[in-house]
Amino acid sequence: MAQSPKTMSSLMCELSVALADLSEKMSNLALTLENQYLESDSPEPVAMMEAARSTIEKAKSH
């Protein structure tokens with residue numbers, strides 16, 4: 001690449017900030033979707049709801 005190390009460093013910093021922002025937004029979206037799903041009054045079987053809660057809890061712990 002023809003980029004100087006300083007320019008590359010600056011670009012990497014910008015990328016890092018953008019990825020951190022994206023990560024936070026994705027986390028917020030996941031929580032919103034989780035809450036909407038768990039609070040919905042859909043006629044799903046209890047076993048399916050429990051499986052969904054279990055999956056969500058496993059995902060949170062990783």
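Everything numeric in this text was worked out from a predicted model, so none of it was measured.
- The side chain to side chain donor-acceptor pair (under 3.5 Å) test applied to K60 returns E34, not counting sequence neighbours.
- In summary, the side chains of T7 and S10 do not present any donor paired with an acceptor at a separation below 3.5 Å, with no hydrogens or angles considered.
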With a 3.5 Å cut-off and sequence neighbours excluded, list the donor-acceptor pairs that the side chains of residues 13-28 form with protein atoms.
unit_1, atom_1, unit_2, atom_2, d
D21, OD2, K25, NZ, 3.2
N28, ND2, E24, O, 3.4

